Amino acid sequence: MTEGVSRRLALKSLGATVALAAGVAPFTVLGAKKPRVVVVGGGAGGATVARYVAKSGQVDVTLVEANEHYTTCFFSNLYLGGFRSLESITHSYDKLAAAVGVRVVTDIATAVDADKRIVRLMSGGALAYDRLVLAPGIDFKYEAIEGYGPAAEQVMPHAYRAGAQSALLRRQIVDMKDGGLVVIVPPPNPFRCPPGPYERASMIAHYLKYHKPKSKILILDSKDKHSKQALFQEAWERFYPGMIEWLPGELTGGVKAVDVTNMAVVTEDETHRADVVNVIPPQQAGWIARSAGAAAQSGWCPVQAHNLASKLLPDVHVVGDSIIPGDMPKSAFAANSQAKVCANAIVADLADKQAFRPRFRNTCWSLVATGHGIKVGASYEATEEKIAKTSGFISQTGEDDTTRAATANEANGWYAGITADLFG
Ligand SMILES: Cc1cc2nc3c(=O)[nH]c(=O)nc-3n(C[C@H](O)[C@H](O)[C@H](O)COP(=O)(O)OP(=O)(O)OC[C@H]3O[C@@H](n4cnc5c(N)ncnc54)[C@H](O)[C@@H]3O)c2cc1C
């Protein structure tokens with residue numbers, strides 16, 4: 001795929017609200033008194049950096065975000081299961097602007113000139129920066145699965161960027177006949193939210209159990225093992241016996257192609273026909289990070305662990321799913337944690353002061369049935385090589401229901417806390 005085609009695909013996939021912003025042509029005046037930080041991407045990573053740098057009161061912060069609202073991928077599986085509405089996981093940037101004075105620009109960053117320290121915008125404007133933070137999340141490697149792409153995702157949704165894609169997948173499951181087959185195609189490592197596809201299977205199964213109990217879910221994995229595997233399998237046997245079948249990569253050989261006309265998924269030596277197909281393609285750093293030159297050959301961005309500074313571009317930091325995160329998974333919790341370290345380092349650096357010693361944390365909760373949560377988490381420190389794990393924990397198989405209920409409650413508390421931290 002040429003870079004031009006890849007760029008058009010990436011920009012299209014960011015959503016449509018930028019059309020509303022056309023005509024807005026912000027340009028920061030060079031020589032402004034306060035140092036200027038521009039953040040591209042208002043998700044878990046970018047919104048956090050913007051808030052925490054702005055809170056210092058010493059920096060002008062501009063957040064460039066393609067969409068006017070942010071629907072969280074986290075808890076979008078609960079929407080599929082019928083536990084949450086889409087509205088309840090959709091947030092506006094209004095309070096972020098009002099509370100800490102972040103200037104929120106609804107636009108798409110189309111280019112970075114790292115020599116001139118300028119970000120160009122789709123509306124035609126540009127923003128000058130002293131420090132740039134790239135937090136664009138992920139893009140898909142559509143070409144990795146024959147027959148899949150932006151048109152095919154309207155038939156076989158990935159629902160791995162939340163919003164319209166989540167609504168489409170939910171509608172397809174609700175419209176499916178009882179006795180239908182849902183195929184889930186999880187991506188190879190590394191990818192956003194390692195437990196995500198398996199929590200999704202649990203949530204879809206929860207819905208089917210009560211509404212279409214003769215239906216089945218088939219997971220065609222390219223991996224031989226997955227996050228919280230024993231815990232998910234224990235839950236599936238208990239809550240959805242006979243409904244979910246998981247086939248590892250050593251049996252499937254991975255999904256090679258899809259045929260949207262016949263609703264077929266093709267593995268190395270089998271073709272599976274299904275009623276609903278959820279294809280989650282292989283992933284890479286968001287397009288703007290790659291086109292700026294912040295990504296390595298792998299498609300992900302190498303960064304210094306102690307401050308999230310790009311190893312490839314001066315005065316540029318990268319946080320969240322786009323980075324090579326060492327031992328951390330790609331999660332909203334991790335992005336939020338990295339973003340605070342990054343914000344602290346930027347403010348300290350601009351003021352010529354010492355930054356705090358960085359510490360990182362992550363927990364990934366998954367809801368598997370009503371009031372039944374499981375979790376995995378860890379603490380991390382910055383070493384010369386990477387963000388390195390120092391200790392960890394995971395739910396145990398055979399835990400009692402009180403513990404599982406407490407874990408589910410923790411997840412609800414975490415969601416309320418992180419969305420308040422991001423959006424006010
Ligand atoms: C189904 C599912 C369930 C999940 N569950 C959990 C969970 O329970 N816990 C957890 O911690 N994590 C979870 N995650 C993972 C979490 O959503 C991501 O890891 C997190 O959102 C990454 O944050 P980010 O800031 O890197 O990217 P994002 O949150 O995706 O934000 C990127 C933002 O950048 C914007 N953008 C991109 N390019 C441009 C551009 N050129 N110009 C302007 N704007 C741009 C996008 O519009 C987007 O708003 C889940 C993910 C999925 C898919």
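Because the structure is predicted, anything quoted here is derived from the model rather than measured. Atoms within a ligand are numbered from 1 in the order they appear, just like the ligands themselves.
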Could you tell me which atoms of ligand 1, counted from 1 in the order shown, lie closer than 4.0 angstrom to a heavy atom of [X]?
X: Lys330; result: 19 (O)
X: Pro136; result: 32 (C), 34 (O), 37 (C), 38 (N)
X: Asp321; result: 18 (C), 19 (O), 20 (C), 22 (C), 26 (O)
X: Val64; result: 43 (C), 44 (N)
X: Gly137; result: 26 (O), 27 (O), 32 (C)
X: Arg200; result: 1 (C)
X: Gly41; result: 33 (C), 34 (O), 35 (C)

Electrostatic pair [X]:[Y] at N-O distance under 4.0 angstrom:
X: Asp60; Y: Arg36; answer: no
X: Glu146; Y: Lys256; answer: no
X: Arg404; Y: Glu234; answer: yes
X: Asp275; Y: Lys216; answer: no
X: Asp175; Y: Arg170; answer: no

Is the distance between the ring centroids of His158 and Phe140 under 6.0 Å?
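Aromatic pair counts; centres sit under 6.0 Å.
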
Got an N/O contact under 3.5 Å between [X] and ligand 1?
X: Gly196; value: no
X: Val40; value: no
X: Tyr70; value: yes
X: Phe333; value: yes
X: Arg192; value: yes
X: Gly320; value: no
X: Ile288; value: no
X: Cys193; value: no
X: Ser76; value: no

Q) With respect to atom 47 (O) of ligand 1, which of Glu65, Lys375, Met203 exhibits the smallest heavy-atom separation? A)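 Considering heavy atoms of Glu65, Lys375, Met203, the nearest to atom 47 (O) of ligand 1 sits in Glu65.
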
To which of Ala47, Gly45, Ser366, Ala109 does the heavy atom nearest atom 41 (N) of ligand 1 belong?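 Nearest heavy atom to atom 41 (N) of ligand 1 lies in Ala109.
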
* Asked: Looking only at atom types and distance, does a side-chain atom of Thr390 sit under 3.5 Å from a main-chain N or O of Ser379, one as donor and one as acceptor?
  ->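 Yes: the side chain of Thr390 pairs with the backbone of Ser379.
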
Going by atom types only, do [X] and [Y] share a side-chain donor-acceptor pair under 3.5 Å?
X: Trp236; Y: Ser202; answer: yes
X: Ser76; Y: Ser166; answer: no
X: Asn336; Y: Tyr52; answer: no
X: Tyr160; Y: Gln283; answer: no

- Is the shortest distance from a heavy atom of Asp107 to ligand 1 less than 4.0 Å?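 So Asp107 counts as touching ligand 1.
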
Open item on the list: With the threshold set at under 4.0 angstrom, would you say Ala135 reaches ligand 1 through any of its heavy atoms?
Closed with: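 The answer is yes: ligand 1 sits under 4.0 Å from a heavy atom of Ala135.
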
Under-4.0 Å heavy-atom contact with ligand 1, by part of [X] that carries it:
X: Trp414; answer: side chain
X: Arg161; answer: neither
X: Asn67; answer: side chain
X: Ala44; answer: both

Exercise for review: Tell me, please, whether Tyr415 has Arg84 positioned over its six-membered ring: NZ or CZ under 6.0 Å from the ring centre and within 45 degrees of its axis?
Suggested key: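 Satisfied, under 6.0 Å and within 45°.
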
| message | Both conditions, 6.0 Å and 45 degrees, for the charged tip of Lys330 above the ring of Trp300: are they met here? | response |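 So Lys330 does make the cation-pi contact.
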
| task | Nearest 0.5 Å please: distance from the SG atom of Cys193 over to the CZ atom of Phe74. | result |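 CZ of Phe74 is found 10.5 Å from SG of Cys193.
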
